[in-house]
Amino acid sequence: MSEKITITFPDGNKKEIDKGISGLELASQISKSLAKESVAIKLNNQIKDICLPINSDASVAILKRDNEETLELIRHDCAHVMAEAVQELYPGTQVTIGPAIENGFYYDFARNEPFTISDLPKIEKKMHEIIQRNESFIREVWSKDKAIKYFKDKGENYKVELINDLPSNEEITIYKQGNWLDLCRGPHMVSTKQIGKAFKLMKVAGAYWRGDSSNTMLTRIYGTAWATEKELEQHLSQIEEAEKRDHRKLGKEMDLFHFQEEAPGAVFWHPKGWTLFQSLINYMRSRQDKAGYVETNTPDMMDKSLWETSGHWDKFSDMMFRTEAKDDKIYAIKPMNCPGAVEIFKQGLKSYRDLPFLLSEFGKVHRYEPSGALHGLMRVRAFTQDDAHIFCTEDQITEESKIVCDLILSIYKDFGFENVKIKFSDRPEKRVGDDAVWDKAEAALKQAMEATGLEYTFNPGEGAFYGPKLEFVLRDAIGRDWQCGTLQVDLNLPGRLGATYIGEDGNKKTPVMLHRALFGSLERFTGILIEHYAGHLPLWLSPLQVMIATITSDTNDYALLVKNKLIKEGIKAEVDLRNEKIGYKIREHSNSKIPVIIAVGKKESQEKTVSVRRIGSTKTKTFKLDEITTSLSSEVKSPIE
RNA sequence: GCCGCAGUAACUCAGGGGUAGAGUAACUCAUUGGUAAUGAGUAAGCCGGCAGUUCGAAUCUGCCCUGUGGCACCA
């Protein structure tokens with residue numbers, strides 16, 4: 001008689017079964033249809049192949065294809081099928097790795113001639129073929145020697161490297177589908193047919209072997225895969241939606257800014273864009289004033305020696321712009337505002353009574369970002385930070401950090417960002433200062449985080465070169481994450497640059513400096529807002545709030561009267577008196593995302609009313625002239641008023 | 001920086017070894033109209049830059065610049 005084991009189902013039911021029975025056999029004991037639909041099992045909370053024997057008491061859930069957790073298997077299987085398709089179509093191509101990722105999968109190939117998008121339809125077609133072949137995924141355990149010999153003979157050098165690097169105690173598993181096989185940890189579904197049809201190859205890209213830029217570059221093919229074709233379509237339309245929101249496209253349509261060849265990574269702000277930019281600065285300035293900051297401004301260029309003292313030259317000179325004039329000096333264009341802030345702090349004797357000392361600066365910094373990193377407003381070489389440096393004692397770190405966290409979250413809320421994540425980064429490899437100082441700084445920041453009670457995740461080795469940091473990541477209206485604010489504890493720079501204050505005991509002490517930026521880069525934040533609001537900026541941020549469009553030229557005078565009335569109320573209004581039909585005007589101003597369009601014709605001018613149409617709506621509402629000004633003037637106020 | 005793709009009128013894009021194309025915008029004229037495109041006409045381009053191949057290059061080749069999708073980077 002065979003040995004029995006006890007398994008527990010998700011609903012709590014238990015069952016005695018023969019030891020060694022596979023998930024599939026178990027499923028078929030329950031029902032034939034279940035066995036047919038099952039693709040994998042979850043054994044003690046880990047997804048496993050359904051054909052593997054169950055050898056001890058365990059909790060077991062049988063996964064069907066429509067299970068949410070199966071999606072990862074579909075994607076991973078899809079990656080294998082793609083690799084098979086590629087090797088069938090392009091012999092001599094080496095396979096490397098191909099994981100499931102968010103929304104899909106990729107596979108990295110090594111091939112002399114890289115793939116281009118025009119290859120994708122062919123590969124996709126072959127994949128459908130392989131899926132139709134209904135090849136079973138068969139798991140085999142191989143010895144290391146056998147695996148190395150096999151892949152070496154096939155010329156799969158990358159796989160050989162992977163196997164060589166596997167820990168010796170790790171089982172080497174191979175997954176076969178038809179005549180093709182791959183080194184793989186698994187798990188996989190039962191056969192290729194279960195992948196279905198809801199996948200699409202999306203793009204090709206270069207990617208370094210093992211993510212290291214000193215290694216060869218491979219060709220990566222990205223695909224997206226879903227359980228159903230409906231989900232695939234949804235995903236594709238989401239991508240379309242994101243493209244519609246692209247701030248580079250909207251920025252052009254809304255006449256906010258442009259870039260040009262002569263200034264890569266630097267923004268030309270047009271009048272409307274600059275108005276928006278200034279609205280953000282005014283908002284932030286007011287919030288900071290109320291929080292006790294004093295605003296400063298420091299030189300854009302300073303002698304190289306200052307940057308040597310601060311440590312920037314040593315760590316980041318590759319990323320710094322430098323310039324010279326007739327004298328022999330080399331000036332660096334500032335990549336950060338902190339040394340300037342320290343120099344201001346150093347003027348005059350400071351006492352412990354002056355601390356915390358909060359210096360803010362809307363400083364424009366220049367960094368030579370790698371060319372491939374540039375991306376619209378999101379990643380530029382010249383940008384404005386809403387920067388501030390808080391000089392304080394070690395004892396004040398916790399309290400001051402807590403205040404900064406509260407301020408950031410409250411500010412993000414004003415823009416509709418309620419979902420904010422915090423990341424904690426500690427000492428990087430490339431850094432200044434003793435480990436003892438780092439211990440202290442990291443402990444203080446941690447303590448501050450405990451004090452706020454906010455949740456955070458840990459990001460080892462990602463700190464600034466002078467101190468540990470917090471990063472604030474906000475989620476936009478379509479679920480994308482953007483890193484914006486930062487708070488850094490710095491026990492190094494003030495000392496390096498010779499900042500001191502007189503302590504309670506009459507002795508000179510070195511202050512702690514907290515670096516913090518809330519929007520981060522104003523340029524980038526503007527880009528995020530454009531995408532977050534899909535160009536439909538809230539009234540208070542809109543550079544042009546109201547367009548008054550006439551229906552016939554008889555009402556020009558009345559339109560100007562309305563405009564003047566609005567402008568007196570502090571509302572940004574313009575008139576459109578052109579000899580065009582009202583439908584034409586409405587269309588044009590709607591396309592350029594003007595939040596309020598007022599149409600005035602004979603009726604309005606006689607009755608002293610206005611017909612108001614808000615962006616995103618096709619309805620119109622008639623207001624008395626007095627009423628519209630009062631209703632709008634409250635809405636155009638920024639959250640700080 | 002690396003790999004791929006792209007650069008043609010102000011904008012969006014088609015074309016492609018033999019006089020450069022469309023739609024929109026602009027300008028002119030007519031039209032004064034009721035909530036997402038009134039009609040007609042006019043003008044507009046060193047086809048990103050530099051070399052090469054060719055009788056001839058916007059088109060083919062090479063290099064460079066810029067953008068773009070990724071990778072790497074992001075104090």
Side-chain angles (χ1 to χ4, degrees), chain A residues 106 108 111 113-119 202-222 246 248-249 252-253 255 258-265 307 310-312 314-320 334-338 365 367-376 378-381 383 385 425 428 430-432 462-467 469 471 483 486 488 490 493 515 517 520-521 524 549-556 578-591 597-604 611-613 615 617-621:
Chain A
Y106 67 78
D108 285 347
R111 181 176 178 237
E113 193 189 336
F115 295 103
T116 69
I117 24 168
S118 52
D119 296 317
M202 302 297 284
K203 53 196 171 195
V204 292
Y208 296 109
W209 167 236
R210 297 192 146 177
D212 184 339
S213 60
S214 55
N215 288 342
T216 351
M217 180 147 287
L218 308 168
T219 311
R220 174 173 297 181
I221 301 179
Y222 282 98
D246 191 318
R248 294 167 299 186
K249 182 172 164 281
K252 201 175 268 175
E253 286 170 10
D255 193 18
H258 84 270
F259 290 90
Q260 67 186 47
E261 276 196 28
E262 293 82 352
W307 302 101
S310 70
H312 288 88
D314 190 33
K315 306 284 177 224
F316 291 103
S317 59
D318 282 355
M319 302 277 282
M320 286 164 72
K334 66 178 174 184
M336 294 183 82
N337 301 302
C338 36
V365 297
R367 299 175 183 179
Y368 190 78
E369 300 286 351
S371 56
L374 301 180
H375 180 92
M378 301 305 189
R379 191 81 180 269
V380 285
R381 286 185 176 154
F383 60 98
Q385 291 181 309
S425 306
K430 218 174 166 184
R431 59 176 183 263
V432 295
E462 297 291 320
F465 76 86
Y466 44 72
K469 69 177 175 191
E471 277 162 356
Q483 191 193 302
T486 176
Q488 300 158 6
D490 182 357
L493 284 189
H515 307 235
S521 148
R524 181 177 151 86
T550 51
I551 291 166
T552 67
S553 55
D554 302 343
T555 51
N556 284 1
R578 288 176 305 170
N579 178 13
E580 295 292 352
K581 288 192 172 176
I582 189 65
Y584 180 91
K585 295 183 182 182
I586 296 280
R587 178 183 154 79
E588 200 177 270
H589 301 307
S590 298
N591 281 338
I597 299 172
I598 290 182
V600 291
K602 283 196 185 96
K603 193 169 137 237
E604 287 80 7
S611 168
V612 174
R613 182 186 165 118
I615 186 121
S617 160
T618 53
K619 289 189 188 127
T620 61
K621 233 176 154 179

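Quick note on labels: first sequence line is chain A, next is B, and so on, each numbered from 1.
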Nearest-angstrom distance from the residue atom [atom1] of [X] to [atom2] of [N]:
| X | N | atom1 | atom2 | answer |
| --- | --- | --- | --- | --- |
| R210(A) | A72(B) | CZ | P | 14 Å |
| R578(A) | A30(B) | CZ | C1' | 18 Å |
| M217(A) | C73(B) | CE | P | 11 Å |
| D212(A) | A72(B) | CG | C1' | 9 Å |
| K581(A) | G33(B) | NZ | P | 10 Å |
| E253(A) | U12(B) | CD | P | 9 Å |
| M378(A) | C73(B) | CE | C1' | 18 Å |

Kindly compute the distance separating CZ (F316(A)) from CZ (F465(A)), expressed to the nearest 0.5 Å.
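Going from CZ on F316(A) over to CZ on F465(A), the span is 6.0 Å.
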Report which part of the nucleic acid [X] touches: base, sugar-phosphate, or nothing (heavy-atom distance under 4.0 Å, all strands).
| X | value |
| --- | --- |
| K203(A) | sugar-phosphate |
| K585(A) | nothing |
| H515(A) | nothing |
| P264(A) | sugar-phosphate |
| Y466(A) | sugar-phosphate |
| S213(A) | sugar-phosphate |
| G311(A) | nothing |
| A205(A) | base |
| L374(A) | sugar-phosphate |
| E588(A) | nothing |
| E462(A) | nothing |
| P428(A) | nothing |

Nearest listed nucleotide, side chain of R248(A), among G69(B), C71(B), C73(B)
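Nearest to the side chain of R248(A) among the choices is G69(B).
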Counting heavy atoms not belonging to E113(A), are there more than 12 under 6.0 Å from its CD?
no
Check the surroundings of atom NZ in K249(A): do more than 12 heavy atoms from other residues, nucleotides or ligands lie under 6.0 Å from it?
yes
Between the main-chain N or O of G311(A) and the side-chain N or O of D314(A), is there a donor-acceptor pair closer than 3.5 Å?
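Checking the backbone N and O of G311(A) against the side chain of D314(A), no donor-acceptor pair under 3.5 Å is found.
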For A20(B) versus A58(B), give the span between their C1' atoms, rounded off to a whole number of Å.
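It works out to 9 Å between them.
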Integer angstrom distance from the C1' of A40(B) to that of U35(B):
26 Å
For a quick test of reading the model: is some side-chain N or O of K602(A) closer than 4.0 Å to OP1 or OP2 of G33(B)?
yes
Are the charged groups of R578(A) and E588(A) less than 4.0 angstrom apart, N to O?
yes
Whether K602(A) and E604(A) form a salt bridge (side-chain N of Lys/Arg under 4.0 Å from carboxylate O of Asp/Glu) is what I want to check.
no
What verdict does the salt bridge (charged side-chain N to carboxylate O under 4.0 Å, His left out) test give for R210(A) and D212(A), after you've listed the backbone C-alpha separation in whole Å, the side-chain angles of each residue and the deciding distance to 0.1 Å?
CA-CA 5 Å; R210(A) 297 192 146 177; D212(A) 184 339; over 6 Å; no
Checking only heavy atoms, does the side chain of S611(A) share a donor-acceptor pair with the base of U35(B) at less than 3.5 Å?
yes
Ranges pairing with ranges for RNA chain B, where each run has three or more Watson-Crick or G-U pairs under 3.5 Å:
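So the stems come out as B:1-7 with B:65-71, B:10-13 with B:21-24, B:26-30 with B:38-42, B:48-52 with B:60-64.
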Relative to the ring of Y466(A), is the ring of H312(A) parallel (under 30°), tilted (30 to 60°) or perpendicular (over 60°)?
tilted
Does the ring of Y584(A) lie flat against the base of A36(B), closer than 5.5 Å centre to centre with planes under 30°?
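No, aromatic ring not over the base.
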